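Worth saying up front: this structure is predicted, and the values here are computed from it rather than measured.
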Amino acid sequence: MEISPREAEVLELVGAHLSNAEIAARLCISVRTVESHVSSLLRKLEVPDRRALAQRAPEPAGAAPSRPAPVLPAPLTSFVGRESERAELAGMLKELRQVTAVGPGGVGKTRLALAAAATATAEYADGVWFVDLVPVTDPGMIATAVAGALGLGEQPGRDMTDSVVAALADRQALLVLDNCEQVVDGVALFLERLLATCPRVTVLATSRARLMVPFERVYPVPPLSLAADGGSDAVALFTERAAAMGRSPDPALRGRIASICERLDGMALAIELAAARYPTLGLDGINAALSHPLRMLTGGSRADERHRSVRAALDWSHALLEPADRALLRRVSVFVAPFTASAAAEVTGSEEGLVADGLARLAEQSLLVVTASPGGTEYRALETIRQYGTERLAEAGELADARFRHLRWCLAKAAGLAAVATDWRARFDLVADDLRAALAWAADQPDQRADAYELARRLAELTFTRNLTGESQRRYEQAAALASDPAAGASMLRQAAAVAGCRTVGDDMYRLRREAADAARDAGDHAGAAADLASAATIAFRFSTTFVRIPSREEALALVDEAREPAGDDPAALAAVALAEAAVLTDAFGAAQGPPGNAVPETIARVEHAVELARATGDPLAESAALDALTGAQSWAGDTFATAATARRRITLLSSLPISPAGTHELIDALSIATEAGLGAGDVPGARRWARRLAEHPSLAEVGHRATCRLLMVDALAGDVGEVLTGSVRFLDAWRRAGSPARSLLCPAAAGVAMIHGLRDDHDALREWREVMRRLGTTPERSYGYGAVFDAILLLHRGQAAEALERMAPEPRQVWKWVTWLWHHWYVALRTEAAVLAGTPDARDRLAEARTVVAGNPVADALVERAQALLDDDRERLLATVAAFDAAGCRYQSARTLALAGGDHAARGAAALADLGIRS
């Protein structure tokens, strides 16, 4: 099969041993897209895993294996001088874990750090990464900025720091953090965690002050050398930048240039500003400008003196501007991220054509940096110049007005992003940092509280759509704190709880619904408070596996009791209370803190009552939650087909709903349950359909282990070896990137992959996946449910029927709660086959009983029918099950039937198994 150009790029980077996240960052595509390309390459090149795929990657002609190229910004101008400083700083990076290049604004910290990082690239096998912290205004967003640079998405259930640490834990990499001073506390906390847990990561930071963290070594960045002879870096910088502006200074003027550079204290930014004026002012004009009395800082250390030189250069450069350009420079200083002429026009309240001309003039004077982007020409002020412009805004009495205009622009942009289009992600990313900065300002302004609430709410919605669920939850909580109306606050807290559900953080779901109850009570909405309290109780049981501290049954019962009276006759509150009673009193969800057994009739009665009340509310989300409880009750009753039908009802109910946190949370859960319920009923094609939809859901793009776990389970039971091998690569890479969490929902997938490797007789891979299973933990389901089923399939394949029967020794009714959900029919059918092949005297009785239990399940029916044919030595009847297995979508069982038939059929069976990649 032909490999596309993009796949070839991905293959080359896999060969360079980059992770999916690093490949995504390098190619500017999503991690999910990389995963798709890797899966396609595994299929096309017919290799079993990522290691084998890396071996198929081509080596550059005549070159040694390539290292990851540094992910550093490309400077728009050349790096001049500082050879000794660059060498010294690069040398420190070889010896030290963390170096901070410290100096005043404008001394050249960033350019020196970039040059040193580029020099040191060969020392870092896993790459060099640059993170610009200028747009970051919230100390809590440091890890998010780093994750963005690394190409990491958010891992639901863990914060961004955890995701970054997991991604870099075994990497030999250099991380460059630029402009740390405005978020120094956040940087310090992040670095302490990073450096303590990532022993091969080195950090080079730039800051106006040291970070005060362990491992730190400070490198004071000196001014440019000022010697008037040929060794002056300051003169060389002035000369080159002046030449770039179209007028090269006469070499005979080096002495006069050196004098100007000395007056500017060798500060790189000040020298560049002066050089930009050379074509129009000449050296005489620059000298005259610098000689005028200027507003200066007073007192202080040498560092303050250097600040004076930058201030001086900025002051006279500012003074030479036309009044309109001065106003434009200070007004665009409210932007923290690159901006367009159109954006500047809106914020400054000027005509776009005039603004574009003014921005061009400011760029010509080196007061703005201009770059081309897919969205058009963008402008950015260096941080020192931006701070200068902000000070000028304050001096002109325009700061509040400019901030307000910027806030209104941000609100408009946020509203415009509500409709998701093809370029939505790029448009959001372009303005996200400005939205955050505007919110940070407005949140501290009492008279802007209403707008701050609106922007926080909008940003919560946008970051949820962008799959930044951790930030989305924080923004919803921020909106709740900013809301002037307690009812609005309660609504925001409910949304935050739903986002926490998408993140699989049960503790936060529980806390936030209880806080919503308090807010609703403050608003006089007693029925709403009752619904929140009841929902908190339900969450404690329904999502018990997502908690760190699982609420006790007594605690949940107290919430239900508290909710009953204020519920009154409100339909939504009554439905919520009824569901909570079904969850807590009769353990409809099979919770971790629930009793080992429950009375099935009572459970079904309570759940059906909850479903009836939920349907009466007309709220699809409430009805979906109640139907989820019904699937549990029906499975406990052993009604496999009703369970599958109820699960499908949830999908139908939810599929047409607009995207929302609560809707997404319900849909992900519903797809998961529909997959499992369908598989339990023998509907392999349907289960695969739901599982693929789950694997492709955007909210799971960054958690491939969660996205693929159900699909792996389906493909393993169906015997689709190629699909399992491909999907297992995504699963394993994502699971390790997530820090190898011990999550019970992942266990069946790992067991299925292990079984497939056992069928392939790949002992190394089997050991690897059994180690994964060990790390995921042992649960009752593993002992009596999925573990018994997958182990039995492998043992039967190997001809070890007695061992398979021993593995499934417990009667289903002895472990009913663990095998009636999903695994009941598989357990009964395989246990019956094992009894037949092991020659037990009661095999025929077991067959009769099994037929009654699994009737209507196409896969289990075929397994029992095959066992009957084997017992009766009826080859014709045995071969008839081949078509049944094919129709049911179970290729492995079809091939195994031929192998069991013996004679010429055995050869056909062996060939069919070989086609699947299985050894007979």
Side-chain angles (χ1 to χ4, degrees), residues 135-141 144 182-183 185-186 331 333-337 343 346-349 390 393-394 396-418 428 431-466 468-500 508 511-525 528-529 532 660-661:
V136 181
T137 56
D138 181 352
M141 296 289 289
T144 300
Q182 81 276 11
V183 283
D185 291 340
R331 289 169 185 167
S333 69
V334 295
F335 288 103
V336 298
E346 290 184 55
V347 170
T348 61
T390 302
L393 269 176
E398 300 176 356
L399 182 58
D401 182 64
R403 294 283 194 200
F404 178 72
R405 284 180 175 273
H406 182 245
L407 172 62
R408 301 305 299 177
W409 177 81
C410 287
L411 282 166
K413 284 295 179 184
L417 286 165
F428 171 79
V431 300
D433 286 323
D434 276 297
L435 300 184
R436 293 167 179 137
L439 176 57
W441 173 77
D444 288 336
Q445 308 299 312
D447 57 339
Q448 301 299 332
R449 190 180 183 91
D451 282 342
Y453 163 79
E454 180 65 18
L455 185 54
R457 182 182 69 82
R458 292 280 191 185
L459 191 53
E461 295 168 351
L462 295 171
T463 49
F464 179 80
T465 304
R466 183 64 173 79
L468 299 173
T469 50
E471 181 177 1
S472 177
Q473 181 184 324
R474 291 196 302 274
R475 298 305 179 189
Y476 274 122
E477 292 189 58
Q478 185 178 18
L482 289 166
S484 56
D485 177 9
S491 174
M492 293 297 98
L493 289 167
R494 291 170 191 136
Q495 295 280 50
V499 178
D508 281 359
R511 169 182 62 83
L512 289 163
R513 284 309 291 243
R514 296 192 67 171
E515 290 180 9
D518 291 338
R521 197 178 291 113
D522 290 343
D525 180 10
D532 288 320
S660 71

Do any N or O atoms from the side chain of D433 and from the backbone of V136 form a donor-acceptor pair under 3.5 angstrom?
no
To the nearest 0.5 Å, how far apart are CG in D138 and CZ in R474?
7.0 Å
Checking the side chain of T465 only, and the main-chain atoms of E461 only, is there a donor and an acceptor separated by less than 3.5 Å?
yes
When you compare the side chain of Y476 with that of L493, does any pair of heavy atoms fall below 4.5 Å?
no
Could you work out, with salt bridge (charged side-chain N to carboxylate O under 4.0 Å, His left out) as the rule, every residue matching R514, not counting sequence neighbours?
E555
Across all chains, not counting sequence neighbours, the salt bridge (charged side-chain N to carboxylate O under 4.0 Å, His left out) partners of D518 are R521
Rounded to the nearest 0.5 angstrom, the CG-NZ distance for D434 and K413 is 10.5 Å
Residues that D401 engages under salt bridge (charged side-chain N to carboxylate O under 4.0 Å, His left out), provided they are two or more places apart:
R405
Do you know the tightest heavy-atom contact between D508 and A500?
CB-CB, 3.7 Å
What's the separation between atom CG in L462 and atom CZ in R457, rounded to the nearest 0.5 Å?
9.5 Å
Please enumerate all residues that pass salt bridge (charged side-chain N to carboxylate O under 4.0 Å, His left out) together with E471, with sequence neighbours excluded.
R436, R475
Output for pair (D532 CG, E515 CD), nearest 0.5 Å, gives 11.0 Å
Qualifying residues under side chain to side chain donor-acceptor pair (under 3.5 Å), relative to R403, sequence neighbours excluded:
none
Distance col, row L468:CG vs M141:CE, nearest 0.5 angstrom, shows 7.0 Å
Just wondering, do R458 and L435 contact through their side chains at under 4.5 Å, heavy atoms?
no
Per the salt bridge (charged side-chain N to carboxylate O under 4.0 Å, His left out) rule, what does the pair list look like for residues 476-489, sequence neighbours excluded?
E477-R511
Sub-4.5 Å side-chain heavy-atom contact between V334 and L393:
yes
Got a second to check how far H406's NE2 is from T348's OG1, nearest 0.5 Å?
12.0 Å
Taking S472 for its side chain and A460 for its backbone only, find out whether a donor-acceptor pair lies under 3.5 Å.
yes
M492 side chain reached by Y453 side chain, heavy atoms, under 4.5 Å
yes
Is any side-chain heavy atom of V431 less than 4.5 Å from a side-chain heavy atom of F335?
no
